[in-house]
Amino acid sequence: MDDQVTDNSPYPRHDHDGGDSEISTLRVNRTPTGVQAREALPETDLDDPQLYFNRELSHLQFNIRVLEQALDEAHPLLNRLMFLLIFSSNMDEFFEIRVAGLKHQIALGDDTTGADGRLPKAVLAEISDIAHAQIVRQYQILNDTLLPALEAQGLRFRRRDQWTKAQKDWVHELFNNDIMPVISPIGLDPSHPFPRLVNKSLNFIVELEGKDAFGRAGGMAILPAPRSLPRLMALPKHLCSEGFTEYVFLSSMIHAHAEELFPGMRVRGCYQFRLTRNADMSVDPEEVSDLASALRGELLARRYGSGVRLEVADNCPDDLTNFLLRQFSLENGDLYRVQGPVNLTRMMSVLGDVDRPELLYRPYTPGIPKALRGSGSLFDAIAKQDLLLHHPFQSFSPIEDLLSEAARDPNVLAIKQTLYRTGADSPIVSALVDAASQGKEVTVVIELRARFDEADNLQLASRLQEAGAIVIYGIMAYKTHAKMLHIVRRERGELRHYAHLGTGNYHSKTAKLYTDYSLLTANKELCADVHKVFQQLSGMGRARKIDTLLHAPFTLHERLMEMIDREAQVARKGKRAHIIIKCNSLTEPKLIKALYRASQAGVECDLIIRGMCCLKPGLPGVSENIRVRSIIGRFLEHTRVFHFHNDGKPEIWCSSADFMSRNMFNRVETCFPLLDKKLATRVRKDLETYLVDNCQSWLLQSDGSYHLQDPGSGDAISAQETLLYAYASKS
């Protein structure tokens, strides 16, 4: 997408500042929605397992939809490669957490099932079948489609048998100078047992012949690839074919020179492999007195959890793969033979290394609302009206700028903020450090247990504490997942409160990749509720009465159930009833049953669920009024937005929470209403834009399959392109 967008764009236009300009071509409610009262249906058992999809299999389906993007020629070529690599990264985490969890459950003899009623062993077996087929397909897409297409564009990944004499010499010199000094071959014998290998590290198993310096007969050895070296290296320009940028893999270099690591012996075979381990972390709240110290210990243990998957080169002999499986206590179903590098995610470096903008998404400039474009105080702008930002189409910088201004402003007395995934070096943290250093009361609630960000969160906690900020690790048994900022400022002799509430994290990088909403407000009721939530997090006592926000684990689930049931009551009276829910996952059984009841009453339910969805749409008499779609595109859909028609008095809520049990009952979450009617209307139109997407929208079928929408001969509508045009800068 161009950073200069002309007025002849095919996409309808939003008003930048939340006005109520119509999107006439994007109206979606064209059919009657509950205009007649429904006759009572025979009682349906909504606990019937046949009414629910399995959570883990649904998660796997999302990963497959990501892989499908690698074949979509609407994406630029390097971004198609990016989607393939994201699939690889997603599958790593899927095995580390989801598959590991199932294996642990089976090992304990725990046959507890979800709402779908499927036993863990059956789920694990189906996961294995699907994952094996899709990982084979992933390498086929890489080898047969993407690599030839990249080569046609002058980007080549050289295999060993393709190296020229000059390239071989360069690789040999690099091996001697940079690889040989840091690699540590490990011979396997009674005094050298099988080494403990780090999770997802690249390794080689080597077959040897001959005798070593101590007279030991050859057998097997393990070569761990040095973790300090990049897995992919660019060849010097003078060694590349004319017009080409060329790369070689570290694995190829080690393969080519493995024999030099075992002088006087013959290498009969050298085969790459990678072990994926259980990387989930558990901290027992009853046994932990210092959460930070406990997590530091768990982080070390994560690198050496039990094995869950073994990837090996496709040409590795059976006797060696069986040997490896025994070492890691794995079975044949845990073995994945791959036709290429076992660590594909490391190819992501190419995207930042290659200077080929025509092979990547066109850049754009995130928009900034008119009210924030001047040089005046952000506090003055927010005091005049609520402001809503839709990232990444609109810039995340106003949130960073607000904190920077607050840190410098002598009238600001206190800042409180939650941090979940942020990064220790972020501008947000720097502003909080500055504020604390200047003597302001800075309180930060850091959730250390943000999966795979624990180390960063420990680091930023230390940085804030050193600056004098009060750092709180939230509530031991409940992750603090809410996205809140509260600022207290003295104005004309009185204290004025400001707040930011969001659906996403305070992370400037992900704000460029994830779709999220940010509300900046000085509304007294909202700010008072935010203040109460912070007091509840930092202090002790009974749950406080919170009037405007919904708050997990206390009121959010109950009120969502009430609002869904309220819509059903309206439909039963023969009136129009409509629910739109947009979130990342829908798995909580009680909420699903409430949606089933609403559908039975005649409520039209449009669900925009990016990832896991355990609800089955389109079931006669149960969910025939429910449609579920998943939008997969350039940006990761991350907004959590809930629309209720409410008998003509519509309500729009934004939230940090998904429709999952953990969000409703085991996390601290906030859900906030859009009280400004112009902002609420604008978000409703955003939602309708997603509902008419016919380019990147996958419709969930009642059998669990997803069908990609096709514009056919009609106008192509991409929700993300439409919103980008509507909100991004035109200058």
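Numbering starts at 1 and runs along the sequence shown.
- Judged by distance alone, the side chains of S377 and E405 do bring a donor and an acceptor atom under 3.5 Å apart.
- No donor-acceptor pair under 3.5 Å is formed between the side chain of K479 and the backbone N or O of R662.
- H643 and H645 have perpendicular rings, their planes meeting at more than 60° on a 0 to 90° scale where under 30° would count as parallel.
- Between Y420 and H481, the ring center distance clears the sub-6.0 Å criterion.
- Checked against Y517 for a side-chain hydrogen bond (donor to acceptor under 3.5 Å, both in side chains), the options T639, T503, D686 give a single hit: D686.
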* Asked: Step by step, would you call E562 with R566 a salt bridge (charged side-chain N to carboxylate O under 4.0 Å, His left out)?
  -> CA-CA 6 Å; E562 288 175 359; R566 179 185 65 188; over 6 Å; no

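- Put simply, the side chain of R55 reaches to within 4.5 Å of the side chain of R98, judged on heavy atoms.
- The minimum heavy-atom distance between T276 and D92, with the atom names listed, is CG2-O, 4.1 Å.
- Taking the six-membered ring for Trp and thresholds of 30 and 60 degrees, H390 and F393 have ring planes more than 60 degrees apart, a perpendicular arrangement.
- Under the 30°/60° scheme for interplanar angles, the aromatic rings of H638 and Y514 are found to be tilted.
- Results of the side-chain contact (heavy atoms from CB on, under 4.5 Å) test with I581 over L595, L560, L591 single out L595 as the only residue that passes.
- Between F659 and F642, a ring centre-to-centre spacing shorter than 6.0 Å is recorded.
- With respect to D658, the side-chain contact (heavy atoms from CB on, under 4.5 Å) criterion is satisfied by exactly one of T587, N663, L586: N663.
- For the pair F95/K200, no side-chain contact is recorded, criterion being any heavy-atom separation below 4.5 Å from C-beta on.
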